Amino acid sequence: MTGVEELLLSRIRDVADYPEPGVMFKDITPLLADPAAFTALTDAFAQIAERTGATKIVGLEARGFILGAPVAVRAGLGFIPVRKAGKLPGATLSQAYDLEYGSAEIEVHAEDLTAGDRVLIVDDVLATGGTAEASIQLIHRAGAEVAGVAVLMELGFLDGRPRLDAALRGAPVEALLTI
């Protein structure tokens with residue numbers, strides 16, 4: 001484990017039985033409150049953006065906004081929020097997807113992504129992969145290319161990564177921590 005990985009992991013708090021009994025929630029707010037840890041995370045994601053040749057950063061609602069926006073600033077790239085349905089004004093593209101307990105829909109402004117864009121998707125957690133897969137499909141429908149997916153932590157026991165393989169078309173999934 002690298003020093004950055006140790007720093008990040010040391011700032012993630014486990015919260016038992018949240019949001020329901022039997023779930024061990026990974027709380028990143030202590031990491032965000034620590035300037036050294038937040039800077040290390042932002043730098044690591046900015047390096048991934050550079051390595052993948054990204055031209056824009058997409059952040060998934062809501063923690064992906066918190067993580068992705070400073071990455072875009074650090075890397076000198078534009079930031080595009082992918083929001084829950086009904087939260088964006090104007091013309092949007094939407095993508096529905098299934099969750100373990102129902103379904104959801106995400107949207108992006110139609111004009112924010114173009115055919116020349118290479119998009120790095122940033123989020124806090126890769127769990128089952130449903131939201132990430134929907135965002136990949138949404139980016140492709142907008143005519144842009146996915147440069148990769150970058151997450152703070154991957155919950156490996158939930159097997160979300162294989163779900164993304166076909167949609168990614170060879171682009172990488174990079175997790176700073178695997179739990």
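Note that the structure is predicted; figures quoted are calculated from it, not measured.
- Counting only distance, with no hydrogens or angles, the side chain of D117 and the backbone of V119 share no donor-acceptor pair below 3.5 Å.
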Determine, stepwise, if the pair R163 / T128 fulfils side-chain contact (heavy atoms from CB on, under 4.5 Å).
CA-CA 8 Å; R163 182 175 182 169; T128 62; 4.2 Å; yes

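- Contact check for V125 versus L152: no side-chain heavy atoms found under the 4.5 Å cut-off.
- Side-chain contact between I139 and L113: present, with at least one pair of heavy atoms (C-beta onward) separated by less than 4.5 Å.
- The two residues A72 and F79 come nearest to each other via the heavy atoms CB-CB, 3.8 Å.
- A salt bridge links E174 with R51; the closest basic N to acidic carboxylate O contact falls under 4.0 Å.
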For V122 and V58, what are the C-alpha separation, side-chain angles and deciding distance, and is it a side-chain contact (heavy atoms from CB on, under 4.5 Å)?
CA-CA 6 Å; V122 172; V58 155; over 6 Å; no

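- The nearest pair of heavy atoms linking A49 to T52 is O-OG1, 3.2 Å.
- Looking at F38 and L67, their side chains come closer than 4.5 Å, going by heavy atoms from C-beta outward.
- Nearest heavy-atom pair, K84 versus E61, reported as atom, atom and distance to 0.1 Å: N-OE1, 2.9 Å.
- We find that R63 and D123 are not joined by a salt bridge, their nearest charged nitrogen and carboxylate oxygen being 4.0 Å or further apart.
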Candidate pair T29 and R13, rule side-chain contact (heavy atoms from CB on, under 4.5 Å), full reasoning:
CA-CA 8 Å; T29 57; R13 179 175 55 138; 4.3 Å; yes

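- Taken together through direct or relayed side-chain contacts under 4.5 Å among Ile, Leu, Val, Met, Phe, Trp and Tyr, I106 and L93 form part of one hydrophobic cluster.
- Of the N and O atoms on the side chains of S94 and E105, at least one donor lies less than 3.5 Å from an acceptor on the other residue.
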Run the side-chain contact (heavy atoms from CB on, under 4.5 Å) test on R169 and H140 for me, step by step, so that the C-alpha distance in whole Å, both residues' side-chain angles and the decisive distance to 0.1 Å come before the verdict.
CA-CA 10 Å; R169 303 176 184 168; H140 287 152; 3.6 Å; yes

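- No side-chain donor-acceptor contact under 3.5 Å links Y97 and S103.
- With contacts defined as side-chain heavy-atom distances shorter than 4.5 Å, the pair I66/L32 qualifies.
- Residues E154 and L177 have side chains not in contact (no heavy-atom distance under 4.5 Å, counting atoms from C-beta outward).
- Judged by distance alone, the side chain of E5 and the main-chain N or O of T2 form a donor-acceptor pair under 3.5 Å.
- In this structure, L88 is not a member of the same hydrophobic cluster as L60, with clusters built from ILVMFWY side-chain heavy atoms closer than 4.5 Å.
- Note on L31: it clusters hydrophobically with M153, by side-chain heavy-atom contacts below 4.5 Å among ILVMFWY residues.
- Connection of L77 to I80 is not established within any shared hydrophobic cluster, with ILVMFWY side chains joined at heavy-atom distances below 4.5 Å, either directly or through further cluster members.
- Transitive grouping of hydrophobic side chains (ILVMFWY, heavy atoms separated by less than 4.5 Å) keeps I136 and L120 in distinct clusters.
- At a threshold of 4.0 Å, the pair E107-R83 does not count as salt-bridged, since none of the basic side-chain nitrogens sits closer than that to a carboxylate oxygen.
- Heavy atoms only, all atoms of each residue included: Y18 and F25 are closest at O-CB, 3.3 Å.
- Side chains of L168 and V173 form a contact here, defined as non-hydrogen atoms less than 4.5 Å apart.
- No donor-acceptor pair under 3.5 Å is formed between the side chain of T39 and the backbone N or O of A36.
- When every heavy atom of L164 is checked against every heavy atom of G129, the shortest pair comes out as CD2-O, 3.5 Å.
- Between R11 and P30 the shortest heavy-atom distance is O-CB, 3.2 Å.
- Proximity of L155 to L126: side-chain heavy atoms (C-beta onward) are nowhere separated by under 4.5 Å.
- Note that the CG atom of D14 and the CE atom of M24 stand 5.0 Å from one another [nearest 0.5 Å].
- Side-chain N or O atoms of T55 include one that pairs as donor or acceptor with a backbone N or O of R118 at under 3.5 Å.
- Put simply, the side chain of L176 reaches to within 4.5 Å of the side chain of F45, judged on heavy atoms.
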